[in-house]
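Keep in mind that what you see is a predicted model, and the values were worked out from it rather than measured.
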Amino acid sequence: MTTSLAFAIASTPCAAYAGGGKTTGERKEGQQTTATRQDKNLGVETKVRTTVEGSPRSAKTGTLTPANSNWDPPACWYEPAYTPKGIEATVKAIRQIEVLNIGDFVGGIFDSYFKEGHPYKNYNLDKQGEGQFWAAAVDEKRKDEPEAQACDRLPFWVPKGKPPQEPLAVSPRILAEYAYGQIPVPDTEIKMAPEGETKVNLPTWVWLDKAKFKKISVTATLPGTGLSATTTAEPVSLRLDPGTPDAETYPSSGECPIDDDGRIGRPRAKGTPADTDPPCGVRYLRSSADAAPYELGATITWRVTWKSTTEPGGELPPGEFGTTQDVVVREIQSVNR
């Protein structure tokens with residue numbers, strides 16, 4: 001284990017972070033145990049790694065927002081972090097910090113906990129190889145949320161082969177929920193006909209590039225534990241918001257389903273009469289005149305499921321990701337002769 005303490009004393013977080021963002025192979029961040037400290041707590045840089053399958057063919061990607069606003073997955077968890085020798089080395093490194101005697105002060109607190117029987121004796125060195133100290137890690141993408149402060153326990157001992165008695169101990173479910181936040185969904189820039197500018201009372205056809213919108217899976221694994229979970233997102237529909245109440249959508253619900261061939265909407269074929277209703281689209285009833293263009297919102301809803309080798313898995317809340325595009329709407333000009 002490599003111990004690396006970043007002691008910018010006032011700002012170092014109490015638990016290190018699980019880095020976010022898009023990956024196309026095994027994670028490079030967080031491969032080693034790295035201690036961090038704030039006040040009287042001691043956390044760890046996560047060893048969780050993620051892999052992505054079905055990464056979208058898009059230069060622009062985002063992450064899903066749960067459609068269920070009441071869903072509150074953990075922003076932190078506890079995972080195996082330190083051997084007895086590792087925790088001893090970590091506390092000794094803390095004692096070497098000389099700024100304002102902080103090292104001795106904090107090291108004394110940790111020694112009381114890990115060395116002097118409150119509750120552990122001599123760092124559990126007599127149990128080397130029989131278990132590990134578990135410590136808190138925080139999801140990097142959620143580090144500023146209040147939920148990230150929920151893991152406030154000092155590292156605690158877990159014997160090998162014995163499940164920890166801690167609700168936030170890392171599990172396949174927690175890994176699946178973490179993977180949810182790592183899914184790189186493609187930008188929802190839609191295609192339109194006519195493009196960019198349309199006419200009052202004439203339908204605007206809307207569709208999406210079906211090559212971009214396919215299943216995407218993220219597998220989160222904690223090496224050395226046998227814990228792994230795969231979370232999969234599959235697009236199911238496109239929701240249109242015209243950006244004004246003076247408009248109608250096709251279909252009337254504004255929800256364009258995915259066809260059997262995986263397509264959302266259809267391009268308007270050449271020669272199609274301008275007043276033909278599209279399977280997916282919008283009809284504006286009033287011009288945008290000299291005001292700002294209407295902002296046509298396009299939001300993809302994704303069905304999200306998870307599975308693991310040790311738990312049955314199941315459904316997670318559907319996710320959404322959307323953008324807006326400007327649409328200029330003009331009056332149809334007629335010429336009287």
Side-chain angles (χ1 to χ4, degrees), residues 20-24 50 52-71 73 141 176-193 195-196 198 203-219 230-244 247-268 277-284 293-307 314-327:
K22 179 176 70 176
T23 58
T24 55
T50 61
V52 179
E53 183 179 353
S55 186
R57 300 175 184 177
S58 176
K60 297 180 181 179
T61 60
T63 53
L64 294 174
T65 298
N68 181 357
S69 60
N70 294 322
W71 187 53
K141 291 185 176 181
E177 293 172 338
Y178 169 68
Y180 187 113
Q182 307 299 315
I183 298 173
V185 293
D187 182 51
T188 54
E189 184 175 0
I190 57 177
K191 297 182 182 297
M192 297 183 294
E195 184 178 359
T198 188
T204 297
W205 290 53
V206 171
W207 69 95
L208 285 167
D209 179 4
K210 75 171 186 176
K212 290 170 53 177
F213 293 90
K214 297 182 178 180
K215 285 184 180 181
I216 305 169
S217 296
V218 172
T219 298
T230 298
T231 300
T232 300
E234 182 178 7
V236 294
S237 65
L238 167 68
R239 185 175 71 253
L240 297 177
D241 179 357
T244 173
E248 297 174 348
T249 58
Y250 302 90
S252 59
S253 64
E255 293 281 343
C256 302
I258 291 184
D259 294 342
D260 292 339
D261 64 356
R263 186 189 302 272
I264 303 177
R266 297 274 173 177
R268 190 175 70 183
D277 291 348
C280 179
V282 61
R283 182 167 69 96
Y284 288 97
Y294 295 129
E295 291 187 348
L296 174 60
T299 301
I300 293 285
T301 298
W302 299 73
R303 177 175 177 257
V304 185
T305 59
W306 73 281
K307 63 181 181 180
E315 298 272 345
L316 292 174
E320 298 179 334
F321 183 67
T323 55
T324 60
Q325 292 175 231
D326 290 345
V327 179

Heavy-atom side-chain contact between [X] and [Y] under 4.5 Å:
X: C256; Y: S237; value: no
X: I216; Y: P184; value: yes
X: F213; Y: P186; value: yes
X: V304; Y: P317; value: no
X: W205; Y: M192; value: no
X: D187; Y: T61; value: no
X: P203; Y: D277; value: yes
X: Y178; Y: V218; value: no

* **Verdict with supporting geometry, T299 and E320, side-chain hydrogen bond (donor to acceptor under 3.5 Å, both in side chains)** => CA-CA 6 Å; T299 301; E320 298 179 334; over 6 Å; no

* Check: Q325 side chain, I190 main-chain N or O, donor-acceptor pair, under 3.5 Å -> yes

* To do: State whether the side chain of K215 and the backbone N or O of T232 hold a donor-acceptor pair below 3.5 Å, judged by distance alone.
  => no

Determine the minimum heavy-atom distance between [X] and [Y], stating which atoms define it.
X: A233; Y: L64; answer: CB-CD1, 4.1 Å
X: N70; Y: N68; answer: N-OD1, 2.9 Å
X: T63; Y: G181; answer: CG2-O, 3.5 Å
X: P318; Y: T301; answer: CB-CG2, 4.3 Å

* Asked: What do the steps show when you test T230 against S217 for side-chain hydrogen bond (donor to acceptor under 3.5 Å, both in side chains), and what is the final call?
  -> CA-CA 7 Å; T230 298; S217 296; over 6 Å; no

* Count the heavy atoms of every other residue, nucleotide or ligand shown that sit under 6.0 Å from CZ of R303, and state whether that count exceeds 12. => no

Measure the [atom1]-[atom2] distance between [X] and [Y] for me, rounded to the nearest 0.5 Å.
X: S253; Y: R239; atom1: OG; atom2: CZ; answer: 10.5 Å
X: Y284; Y: T204; atom1: OH; atom2: OG1; answer: 7.0 Å
X: E189; Y: T324; atom1: CD; atom2: OG1; answer: 10.5 Å
X: R268; Y: W207; atom1: CZ; atom2: CH2; answer: 8.0 Å

* **side chain to side chain contact (heavy atoms under 4.5 Å, CB included) between L296 and D241, worked out** => CA-CA 6 Å; L296 174 60; D241 179 357; 5.9 Å; no

* To do: Assess the pair Y180 and W302: is the distance between their ring centroids shorter than 6.0 Å?
  => no

* For T188 and T323, what are the C-alpha separation, side-chain angles and deciding distance, and is it a side-chain hydrogen bond (donor to acceptor under 3.5 Å, both in side chains)? -> CA-CA 6 Å; T188 54; T323 55; 3.1 Å; yes

* For the pair T231 and T305, evaluate side chain to side chain contact (heavy atoms under 4.5 Å, CB included) and give the outcome as yes or no after the intermediate values. => CA-CA 6 Å; T231 300; T305 59; over 6 Å; no

* Asked: Hey, are R266 and D259 close enough for a salt bridge, meaning a charged N less than 4.0 Å from a carboxylate O?
  -> yes

* Asked: I264 and I300: side chain to side chain contact (heavy atoms under 4.5 Å, CB included), yes or no, with the steps?
  -> CA-CA 10 Å; I264 303 177; I300 293 285; 3.6 Å; yes

